[in-house]
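One structure is given below, encoded as structure tokens.
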Protein chains: 4
Amino acid sequence: MSFNTFGHLFRFTSFGESHGAAIGCVVDGCPPRIPLDQKDIQRELDRRRPGQSRFTTQRQEPDAVKIMSGVFTDERTGTQFTTGTPIMLLIENVDQRSKDYSEIKDKYRPGHAGYTYDIKYGIHDYRGGGRASARETAVRVAAGAIARKIVPGLTVRAALVQMGPHKIDRSRWDWSAVDKNPFFCPDVKQAEFFEGYLDGIRKAGSSCGAVIEIVAEGVPAGLGAPIYAKLDGDLASALMGINAAKGVEIGDGFAAVAMSGIENADEMRMGNDGKPLFLSNHAGGILGGISTGQAIVARFAVKPTSSILTPRKTVDRYGRDTDVVTKGRHDPCVGIRAVPIGEAMVACVLADHYLMHRGQVGEGTAWPFKPGA
Amino acid sequence: MSFNTFGHLFRFTSFGESHGAAIGCVVDGCPPRIPLDQKDIQRELDRRRPGQSRFTTQRQEPDAVKIMSGVFTDERTGTQFTTGTPIMLLIENVDQRSKDYSEIKDKYRPGHAGYTYDIKYGIHDYRGGGRASARETAVRVAAGAIARKIVPGLTVRAALVQMGPHKIDRSRWDWSAVDKNPFFCPDVKQAEFFEGYLDGIRKAGSSCGAVIEIVAEGVPAGLGAPIYAKLDGDLASALMGINAAKGVEIGDGFAAVAMSGIENADEMRMGNDGKPLFLSNHAGGILGGISTGQAIVARFAVKPTSSILTPRKTVDRYGRDTDVVTKGRHDPCVGIRAVPIGEAMVACVLADHYLMHRGQVGEGTAWPFKPGA
Amino acid sequence: MSFNTFGHLFRFTSFGESHGAAIGCVVDGCPPRIPLDQKDIQRELDRRRPGQSRFTTQRQEPDAVKIMSGVFTDERTGTQFTTGTPIMLLIENVDQRSKDYSEIKDKYRPGHAGYTYDIKYGIHDYRGGGRASARETAVRVAAGAIARKIVPGLTVRAALVQMGPHKIDRSRWDWSAVDKNPFFCPDVKQAEFFEGYLDGIRKAGSSCGAVIEIVAEGVPAGLGAPIYAKLDGDLASALMGINAAKGVEIGDGFAAVAMSGIENADEMRMGNDGKPLFLSNHAGGILGGISTGQAIVARFAVKPTSSILTPRKTVDRYGRDTDVVTKGRHDPCVGIRAVPIGEAMVACVLADHYLMHRGQVGEGTAWPFKPGA
Amino acid sequence: MSFNTFGHLFRFTSFGESHGAAIGCVVDGCPPRIPLDQKDIQRELDRRRPGQSRFTTQRQEPDAVKIMSGVFTDERTGTQFTTGTPIMLLIENVDQRSKDYSEIKDKYRPGHAGYTYDIKYGIHDYRGGGRASARETAVRVAAGAIARKIVPGLTVRAALVQMGPHKIDRSRWDWSAVDKNPFFCPDVKQAEFFEGYLDGIRKAGSSCGAVIEIVAEGVPAGLGAPIYAKLDGDLASALMGINAAKGVEIGDGFAAVAMSGIENADEMRMGNDGKPLFLSNHAGGILGGISTGQAIVARFAVKPTSSILTPRKTVDRYGRDTDVVTKGRHDPCVGIRAVPIGEAMVACVLADHYLMHRGQVGEGTAWPFKPGA
């Protein structure tokens, strides 16, 4: 059962609403004796934090994380380590603007989870989305900061590769550009274009979607638990579970459909280091649900923000037709801040599978095998 | 932990290899007293069975299923019911052609799971894919046949909507056509085109991909267990876990990215039946991970079959460069037979969430609510 | 995977160490719209709290619980309800006496978990037991307070029925006495004897064990998920997982071994209310892992507190022989405060199984059946 | 969720009824490349098989097991290995005597699960117990035979230590005697007494209970996943889940209650091999839910067989008072055949925890630690 717990061996249980006292999570199953400082987590949270440019919501949430359990400081060295027991991360909510919600209190906002939560639970938490708020994703980023420390040599990076109908030019991909523009965009030139584009969207009282691509390097070959906990299956679930996500791809994704089997084959040759070398990576680093050792490449589509200033037809919880406008401080493109969230979820999936693989298979076998052995 | 178990409350555990004695599964958590006959399951299996047209593999697998446990026959009526205990479904393998594998025995086929299974487990089951074979998907179809009986009023249908680069014309969508052409294609005209197209692909020693769309109608509103067992998250995992799947979409999927927030909003009005009416379904029937009551629409992309007659560069398990050709009876487009598999997986996810919802919420609340109540 | 999560549909994830910032838990899967106030939880915590008599540790832990998420207040009525989303309960640690641990810092205390945690995790949290401290059990009591509200009509009570070698006289069993003596003892006369007995134990620098009996009434028939989540199997796990527990019994338990099959049979007759009446309850309310509708009776044995003032031989974490004395404020009989913990764990198991049963079976069938129907 | 799946990383899913076509299980999560032959499993099954002496049921169930998947034979050596994928074990039912059940068809047998299954599922499988039959335990023994191969150096043995009110004399404990008498009794003299005792019980149309003790040696220190998957918690669940079990103890169990804390402390000294030596084992090899490296000692109580020839009062499924006699071939003491079952369950728990520990902690730390390191 998952509900509010993500993962199997490395897993975290999330709690909290956008307008409650706090959000946070309990990270369980983390290996012991991993150096872990509050700063390691804060650094990642700061990347997702709102209000860092005019293109994200102006809410001021410092998202200051506290480690409440599961660590121990070595007296001699002063280094703080994980203990192998649950790590509780707490982020108090501070910017709960006491605004007047009376106007939208009983109305459902099209595209929002307000309606479905009310149908399911009989509760309408009109204050900023409640549990369904994107605020919860801070917790994922925090858990992901711990996950990143588990697989030796792993690097997980992500970038925004499309905004509205506008894709980046992949020939201009520059990882170092990603953290230098407000869109996490690896194409400097397209990032400049996005500034004007998004200003226009916002002024029109509308919003737009985005595509985020995550690349994980240093993934050991052999991770993945077929048939029903395949690495790509778990990645798909992790990414589709991000707020507003509507699509997920691994490797060439939907584009692979139009390719021939001849083109799509990732041919192999032995590398000079005694490891196999793939001549392409259409598969995105996963075959049969198991990592190949190549970079893992995944993408997810984020729909346009549903909180918009343009009035839309709706009903209220008493079954009456009405219209609704969502005022307030909303991101015109929630896909931007989804970039560090995507990274975090991929890091969590990989940490989890790393531990599961080690559990079942231990140190594994030495490839290549010896003929006749 | 999943590994070879799918689902939470309604779940099945799969076993078997393509060239072993049998494949099958144990379905656990099924409600009791549901009428279940072997024919109910066989009917679904027959739709996935190979060798039914020249466009699928010519292997002759009758895929005859036996119910080995978990049912009880009412003596008076002769009706067979589920008992609430594990239902074991057994499909014996009969067409294990004793061909000579010596040529490819130690070679990896590009795009196949052979390499990753060997890296992970140190075992190379060269005989037709072993556990990673698409043969395992028969088990999913069998489990899905039971799942279909759990949610009252549920209908799950699927169709092939793209083959290679060629999409169907959605204005010609005809559900009744789907079972009347060898491609499960709802566009009769495009199905005719596919015949020639696929013949060409096969003659070229190549293969092509496909996109499958699944539509589930009669889904009660309120199904889904946020945040980490969202209905769309579980659907994504279920569909991405199908052999050769590389992408998954819910509702408008990746196309939603290019829409404005104004267009993308699924506006609501009260229907004459006292239920809310959505004026569009961009969301594909899911908001915040919970079903809205609209039709659930999902799609998945299947890559071109990797078993092709054209030689490809590879290595063997002893670390030597070599070339490989995959002879044998392979589907030029595995996406075709993925249609009933996609249906089955969606049915299983919905059955599981139906039971989970009933567990947590019981009969639920009566919407719309009474003002002042 | 459980580790620090207890339960399946109704479940809680615990965190915190005895000498960290806080302990607490996240309760997930709770049905929505259940009235829940902080006082409901505090009341139960107060029963377990130390320092309420001279027979328990004199540490002053107010164990003040805060509900940090998962509730919503109805504006009209002012009633606070569960929302169906995670309920985070936080208990801050206040009495972390900054004593000098240097003497025992590297030594293992016989019978304590210090040695095994160090072997497993490579971390020695010498400060009061760390994660293995009985302080964690406050969390279980808090979660149990929520669990008690889930099964309609359920009452779970417990009592101490043996201390050291001294059993109570069951003919004097008086539930109303339980909360009126410092031992949760239902036999007033034996409770008086226990005062002097336990004073003697403490003066001798020793400790003693106890047996706790839990009785759950109002349990619907049909709860339990055979074969490997039987109600008695889950109760056994829940009770054996309590700190210092060494034995668990259901119904007559070990005493049933010495009975004949003729005596042990719980015969049945139809009651006047149309329900079956059992003429005895040797089975403790469970047959085949499923509740019968009778009272569920379980017992668990708690070993003598291992923290004692008498020096014991041990080794330190550097592999050196040494002796250890455990000073500090310890319960001479931890079994006393285990009474509300046992109640809480039983309530959690029953709430979980109630939801699982409802998930699989719904409202169930109306017994007795109609002949010929 | 468990229901019919036992374990976490090493786990098996069981299926089948006593009078259906077959019973069996799917073992999932087994490490790859473990030599596994059908004989390894059959040997264990033969120990549990009925009809081997006049003291167990005379049903003739050969319990011939077939490995249906999950193994691969090395062509050069002929050795059969596990592949890391699901191992399906099938045991066909052969002795389904077509007797006339009409007399008891609608009646519940006191102490049987027939009543509770009917209340829960609305199905009364009167034929020999259906899913609740002890026949299912053959599956556990089969899975246990695989589990035994996973933890290097592990030995799990069990013995009957009490029958009815008669305990063995522990000073006469002889492991080599266990497989040489029909009671798995380690006390030869008491085994002789049991022959006459049990003949008397049977002649009286009654039955008796038993206590079984399991000793696991070679268990690495550090196994166990606190707080809610403690090793003793999981053992308790595993043993209490065995048919007719009513009590479980670890180490001194209920007897520890009467001991003083001074006596109960398992003192430690360094052994000559650089490992810690415990001077006693009251704890039964587990502290804080984690193995100490000592022998793990567990016991469980089995109630008298409820199927007896003496008439008992009962009701039928239509709510009518009646009497019932259970004819047929029943064990007068089901506790005897529970001995190999107890062994198997303990082996499964240990294998599971071995893999979970390896997953979270890897190879772990080298104890003792270096001072100042």
Side-chain angles (χ1 to χ4, degrees), chain A residues 1-3 5 7-11 13 26-34 69-70 74-77 79 81-87 150-152 222-230 288-290 351-367 369-373, chain D residues 1-3 5 7-11 13 26-34 69-70 74-77 79 81-87 150-152 220 222-230 288-290 351-366 369-373:
Chain A
M1 303 301 305
S2 10
F3 285 29
T5 298
H8 306 97
L9 277 187
F10 177 86
R11 58 198 172 288
T13 301
V26 182
V27 177
D28 196 8
C30 185
R33 302 204 63 78
I34 293 182
S69 68
D74 187 296
E75 289 186 4
R76 287 170 302 102
T77 63
T79 306
F81 288 98
T82 60
T83 61
T85 61
I87 303 166
I150 289 173
V151 186
L223 305 194
I227 302 292
Y228 299 123
K230 284 178 174 174
I290 302 172
D352 190 23
H353 274 278
Y354 177 77
L355 300 185
M356 284 197 284
H357 177 74
R358 184 164 73 181
Q360 188 184 12
V361 180
E363 294 305 305
T365 51
W367 191 94
F369 303 100
K370 293 201 181 116
Chain D
M1 303 300 303
S2 13
F3 285 29
T5 298
H8 306 98
L9 277 186
F10 176 86
R11 59 199 172 287
T13 302
V26 181
V27 177
D28 197 7
C30 185
R33 302 204 64 78
I34 293 181
S69 67
D74 187 297
E75 289 185 2
R76 286 170 302 103
T77 63
T79 307
F81 287 98
T82 59
T83 61
T85 61
I87 304 166
I150 289 174
V151 186
L223 305 194
I227 303 288
Y228 300 123
K230 284 178 173 173
I290 303 172
D352 191 22
H353 274 278
Y354 178 77
L355 300 184
M356 284 197 284
H357 177 75
R358 187 164 71 181
Q360 186 184 12
V361 181
E363 293 305 305
T365 50
F369 302 100
K370 291 199 182 119

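Below, chain A is the first sequence line, B the second, and so on; all start at residue 1. For the numbers below, each heavy atom of this structure counts, side chains included, while hydrogens, waters and symmetry mates do not.
For A:E75, the side chain to side chain donor-acceptor pair (under 3.5 Å) test picks out C:Y126, with sequence neighbours left out.
Residues D:G359 and A:L9 approach most closely at CA-CD1, 4.2 Å, considering heavy atoms. When every heavy atom of A:Q360 is checked against every heavy atom of D:G29, the shortest pair comes out as CG-O, 3.3 Å.
To the nearest 0.5 angstrom, A:R358 atom CZ is 8.5 Å from D:E363 atom CD.
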